[in-house]
Amino acid sequence: MQKEVDIVIIGGGPAGLSASISSAEKGKSILILERNEELGGVLNQCIHPGFGLIYFKEELTGPEYAYRFIKEIEKYPNIEVWLETMVVDITNEKEITAINKDGIWEIKTKAIIFSTGCRERTRGNLQIPGTRPAGIYTAGTAQRLVNIEGYLPGEKILILGSGDIGLIMARRLKWEGAEVIGVIEKLPYPGGLTRNLVQCLEDYNIPLYLKHTVVEILGKDRVEGVYIAPVDDYGNPIMDNKRFIECDTLLLSVGLIPENDLLENINIPLDPRTQGPYVDQYLSTLKEGIFSCGNSLLVNDLVDYVTLQGILAGKSAVRYINNEINIEKRAHIEIDGNLRLVVPQYLSYPILEDITFYFRVKEPQKSAILTLKDNDKRIKEWRFPVVKPAEMIVIKVKPEFLRDMENPKFSMEG
Amino acid sequence: MEDVIIIGGGVVGSLIARELSFYEISVLLLEKEEDIPMGSTKANSAIVHAGYDPLPGTLKAKTNVEGNRLYKDLCEKLKVPFKRIGAYVLAFNDDELKTLLELKERGKTNGVSEIQILKREEILKREPNINEEVKYALFFPTSGITNPFLLTIHALENAIENGAKVKLREEVIGIEKKDMGYKVITNKSEYYCKYIINCAGINADKIIHLLDPDYPFTITPRKGEYLILDKKAQNFVKSTIFHVPTQKGKGVLVTPTVDGNILLGPTAENIEDREDKSTSHEGLSEVKEKVKKLTPNAPFNLVINIFSGIRASSTYKDFFVQEIPEFKNILHFAGIDSPGLTSAPSLAKMAVEWLKEKENIKRKKNIKDFEKIISFKELTEEEKENLIKEDPRWGHIICRCEHVSEMEVRNAINSPLPARTLEAIKKRTRAGMGRCQGAFCSYHIMKILSEELEIPMNMITLRGGKSFLLNGENKVRWKYAKRS
Amino acid sequence: MKKELTCIVCPLGCSLEIEIGEDIIVKGNKCEKGKNYAIEEIKNPKRILTTTIKIKNGKYKVIPVKTTAPIPKEYIFPLLEKLSEIEISAPVPIGYKVLENIFQLSIDVITTRPMETKENTRKTKETKKST
């Protein structure tokens with residue numbers, strides 16, 4: 001079966017929802033393809049507060065944040081939503097093959113917005129040896145089971161990884177009556193926001209073992225325990241000092257991977273630092289007419305930024321269709337020092353508006369200075385009293401500072 | 001009273017069940033696990049070997065080469081993927097070249113139809129990721145790869161369609177000689193039969209010892225650890241890559257799988273505990289070291305899973321396929337280690353011949369072929385559309401990695417050999433084998449299992465027994481611990 | 001008595017040292033907000049509680065809820081226990097009051113999403129024929 005629309009948005013989570021609104025406002029025909037049974041993406045299972053402080057100036061829970069956008073899109077008759085629809089293929093000509101209960105769809109479109117979010121790193125990715133019992137879950141899957149399906153994954157829980165998802169689940173499972181034995185973190189510092197460390201671990205005396213990792217999983221049918229070991233300065237486990245921790249569930253909160261399989265299939269280059277596509281300030285990938293926003297562009301820390309990226313991607317897709325984007329040349333942005341990644345990675349000239357840059361740092365640092373340079377000539381500086389890997393750095397730069405750059409570079413020193 | 005009882009539902013037992021189901025005899029297969037295959041057939045290299053490795057004159061050699069020839073037809077009939085991708089055996093120095101030439105001769109004697117000997121340049125041209133230090137290689141075009149799960153499951157389903165009976169979760173714990181044949185006692189029941197075929201894999205010796213406790217045959221379980229790479233590594237190698245074999249066996253290899261992954265392994269470690277399927281830091285490191293020798297830039301960052309399998313090796317240097325004295329009419333297939341998977345179709349024919357010598361068995365007139373939709377993903381767009389029109393649930397894709405449809409899962413649960421666990425679904429549909437390793441599809445599948453089997457979510461298991469996926473209680477738990 | 005705390009008001013996360021005696025003395029804070037946070041945390045630590053409760057006949061088996069304001073920490077588990085005994089019925093709008101004025105704190109527990117009935121979900125699925 002055939003379908004033709006102006007813009008297809010793949011993924012109906014927060015990024016896709018805001019992209020649909022900003023593009024529908026301009027009157028284009030929008031189709032959101034969502035593989036789950038409802039819109040909202042991962043927000044539906046993030047029942048804790050912490051969403052919207054920036055965008056709505058209110059603190060909302062995930063479902064409440066999603067609701068605002070889901071309600072909003074109902075106002076636009078030009079936004080169509082297909083649920084339980086899986087995109088299985090995209091061609092170079094932006095033809096999309098999608099499958100749902102109505103059949104196989106070949107969808108023709110003028111622009112595609114990718115807002116597919118992330119998947120989680122698995123036990124297999126980490127190659128943790130041992131047996132393969134039931135009771136090993138990624139934290140996100142466990143969160144879905146608890147918060148949407150209403151089931152406990154187990155009763156004695158050990159969490160590997162001190163990122164926010166792991167910390168939030170520690171508290172959640174404690175509140176559901178499970179015993180949370182501890183959180184194991186490989187690095188010498190925790191991965192999540194301080195607020196979560198306090199309210200999820202400290203509040204409940206849940207121990208955090210820094211510089212440790214899980215080296216073996218035991219249990220025939222169900223997890224019976226794990227061996228943890230301290231790691232050296234290079235991250236290698238010191239096996240002599242391994243010890244056994246009894247548990248029946250191992251939750252893995254060890255990293256998010258942006259879901260860009262479909263982009264890779266059409267050879268859209270991905271930035272190995274973000275694992276999302278290279279984009280310019282329009283959030284256009286290096287293939288014209290295909291845009292990226294949200295967690296599949298880079299792993300965000302706040303949904304508010306996801307929303308802003310979605311809004312921008314939507315607006316850009318419309319301008320692209322209207323032939324309003326005229327790119328004369330592109331400059332690639334280098335990064336240096338304590339910077340681990342930057343988005344966007346390209347500047348498309350002429351630059352007509354302020355550009356929001358998103359950064360993540362490699363290591364925690366105090367009194368950090370972020371510098372914008374061109375050909376090593378200092379253009380502008382920003383100062384931060386404290387920077388942490390867990391917290392994205394977001395700055396807005398006016399076009400005049402980015403004029404005619406040949407070799408733009410951002411660097412961060414202490 | 002059955003004509004034949006087969007003990008063990010691995011690839012050998014299942015292929016035998018299928019062959020015998022084509023005759024007018026009653027066949028009962030007893031399997032001790034929750035599902036099939038669970039033993040050696042579940043975790044191996046999935047390679048259909050060319051037949052250069054076994055010693056000439058052995059049963060291994062004969063059945064390896066014959067089995068290899070039978071694979072294409074058998075897989076077509078059972079709708080199982082099979083690809084003849086070929087295999088290289090690499091030599092890095094002149095000593096190893098000597099071994100290669102021995103293997104070439106051995107292969108010829110065994111009846112391997114095509115063998116090429118290649119020099120470094122040609123090898124690297126065909127497989128650029130092979131170690132540049134390679135000097136020579138043998139290339140066997142007849143070597144292939146297959147899907148052992150589907151082969152076993154489809155064979156047994158075809159057997160059931162043709163009248164064979166299968167009992168899962170029944171372990172044979174006793175066999176008594178009776179006038180008309182034998183009484184077979186399991187943990188649940190007892191059965192009477194004329195003939196028994198022992199295909200109990202790593203426990204084949206236990207069955208032998210039920211008959212004669214002193215019989216000098218023992219299985220020495222040997223563990224092999226593997227790593228499997230994401231499909232993104234698909235074209236890393238196009239054929240199976242071996243190093244010259246050693247005393248311990250064919251060694252660590254690098255091979256594509258029929259589904260587009262790359263498989264690395266196995267190690268070969270004698271173990272005490274037959275149920276020990278754990279992987280270890282040492283084992284995985286050994287695999288990686290040996291893989292690096294064959295293909296130095298193997299993308300270990302693309303590992304999506306690790307697992308281990310157990311081979312039923314024995315002190316007997318060949319396949320042990322015989323009756324034992326004083327216990328006539330029981331045929332043992334024991335010590336079936338490599339090339340067991342390859343030899344299985346040939347071993348199945350041996351079982352039929354054995355029975356024909358004892359009884360005048362008549363072939364059935366109306367043998368049912370195996371008809372089944374295997375993979376929604378592989379159908380044409382038109383076929384997919386028609387299915388969705390018949391039942392819209394075909395259009396609900398619940399596995400984002402392998403694009404498995406909800407109906408494939410439901411059909412697996414409602415098939416002649418029903419899937420009742422998450423792993424059983426995985427074997428039949430591939431859901432859960434992709435790069436997200438079930439993070440997306442698991443709860444969908446659990447919900448479908450719960451609905452179809454009419455059991456609460458908390459009772460769904462990973463692979464039977466106590467492998468509950470959730471907290472195992474028969475209700476949603478709402479207990480709050482006192483604040484510490 | 002001395003106590004150590006990490007302030008969570010802003011990303012700086014100052015390490016605070018608090019002396020609890022006749023008065024509460026806060027050291028290590030770089031701003032007034034931090035001082036106030038520390039005092040609150042010592043005198044009357046409060047948290048927003050978010051959890052799920054059972055819902056009958058709904059699209060899902062559980063529905064997320066929250067307290068409308070932070071509640072003193074000591075009420076968290078008692079409230080969780082109370083909520084575990086409740087089951088509401090679909091359909092339910094967002095913001096529906098599940099419990100009112102819990103523990104006389106003038107704080108309610110409300111749903112954080114709407115939930116339609118199972119029937120309605122099935123109906124919408126069946127009638128959703130796209131052009």
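A, B, ... follow the sequence lines: proteins, then strands. Residue 1 opens every chain. Since this is a predicted model, take the numbers as computed values, not measurements.
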Sub-4.5 Å heavy-atom contacts with chain A: which residues of residues 380-388 of chain B show up? Glu381(B), Lys384(B), Glu385(B), Ile388(B)
Which atoms of Leu284(B) approach chain A - backbone, side chain, both or neither, heavy atom under 4.5 Å: side chain
Would a distance-only check, ignoring hydrogens and angles, find a side-chain to backbone donor-acceptor pair under 3.5 Å from Tyr137(A) to Leu469(B)? yes
Beyond-backbone contact of His444(B) with Asn36(A), side-chain heavy atoms, under 4.5 angstrom: yes
Got Asn305(B) and Gln127(A) here, is their nearest side-chain heavy-atom distance under 4.5 Å? no
Does a side-chain N-to-carboxylate-O contact under 4.0 Å join Arg463(B) and Asp221(A)? no
Validation row: His403(B), Ile99(A) side chains within 4.5 angstrom (heavy atoms): no
Flag yes if more than 12 heavy atoms outside Glu264(A) fall under 6.0 Å of its CD atom; otherwise flag no. yes
If we define contacts as heavy-atom pairs under 4.5 Å, which of Lys466(B), Glu275(B), Met446(B) has the most with chain A? Lys466(B)
Side chain, backbone, both or neither: which part of Cys399(B) has a non-hydrogen atom closer than 4.5 Å to chain A? backbone
Find out whether Asn458(B) and Tyr151(A) are in side-chain contact, i.e. whether some heavy atom of one side chain is under 4.5 Å from a heavy atom of the other. yes
Heavy-atom pairs under 4.5 Å with chain B are the metric here; pick the option from Arg123(A), Arg121(A), Met1(A), Glu120(A) that has the most. Met1(A)
Are the side chain of Thr122(A) and the backbone of Gln437(B) linked by a donor-acceptor contact shorter than 3.5 Å? no
Is the closest side-chain heavy-atom distance between Phe440(B) and Arg35(A) below 4.5 Å? yes
For Pro129(A), does its backbone N or O pair with a side-chain atom of Thr279(B) as donor and acceptor, under 3.5 Å? no
From the list Lys377(B), Lys447(B), Glu423(B), Glu225(B), the residue making the most non-hydrogen contacts under 4.5 Å with chain A is Lys447(B)
Can you measure from CZ (Arg132(A)) to OG (Ser308(B)) and round to the nearest 0.5 angstrom? 8.5 Å
Choice from Arg393(B), Lys288(B), Glu406(B) maximising heavy atom contacts with chain A below 4.5 Å: Lys288(B)
Show the nearest heavy-atom pair for residues Arg400(B) and Asp261(A), with the distance to one decimal. NH2-OD2, 3.0 Å
Pairwise distance NZ(Lys101(A)) to CG(Asp391(B)) - rounded to 0.5 angstrom: 9.0 Å
I need the residue from Asn301(B), Leu462(B), Thr461(B), Ile306(B) with the largest number of non-hydrogen atom pairs under 4.5 Å to chain A. Ile306(B)
Among Gly464(B), Gly438(B), Ser280(B), which residue forms the greatest number of heavy-atom pairs with chain A at distances under 4.5 Å? Ser280(B)
Among Arg144(A), Glu259(A), Glu216(A), Glu179(A), the residue with the most heavy-atom pairs under 4.5 Å to chain B is Arg144(A)
Report which part of Ile128(A) has an atom under 4.5 Å of a heavy atom belonging to chain B: side chain, backbone, both, or neither. backbone
Can you name the nearest heavy-atom pair linking Tyr443(B) to Glu149(A), along with the distance? CD1-OE2, 4.2 Å
Would a distance-only check, ignoring hydrogens and angles, find a side-chain to backbone donor-acceptor pair under 3.5 Å from Arg119(A) to Cys436(B)? no
Is there side-chain contact between His396(B) and Met86(A), with heavy atoms separated by less than 4.5 Å? no
Ile228(B) versus chain A, the contacting section by heavy-atom distance below 4.5 Å: neither
Highest number of heavy-atom pairs under 4.5 Å with chain B among Thr131(A), Thr141(A), Val87(A), Asn125(A) belongs to Asn125(A)
Closest non-hydrogen atom pair between Ser467(B) and Ala134(A), with its separation: O-CB, 3.4 Å
Kindly indicate, with the supporting measurements, whether the criterion side chain to side chain contact (heavy atoms under 4.5 Å, CB included) is fulfilled by Leu145(A) and Leu470(B). CA-CA 9 Å; Leu145(A) 283 167; Leu470(B) 301 174; 3.9 Å; yes
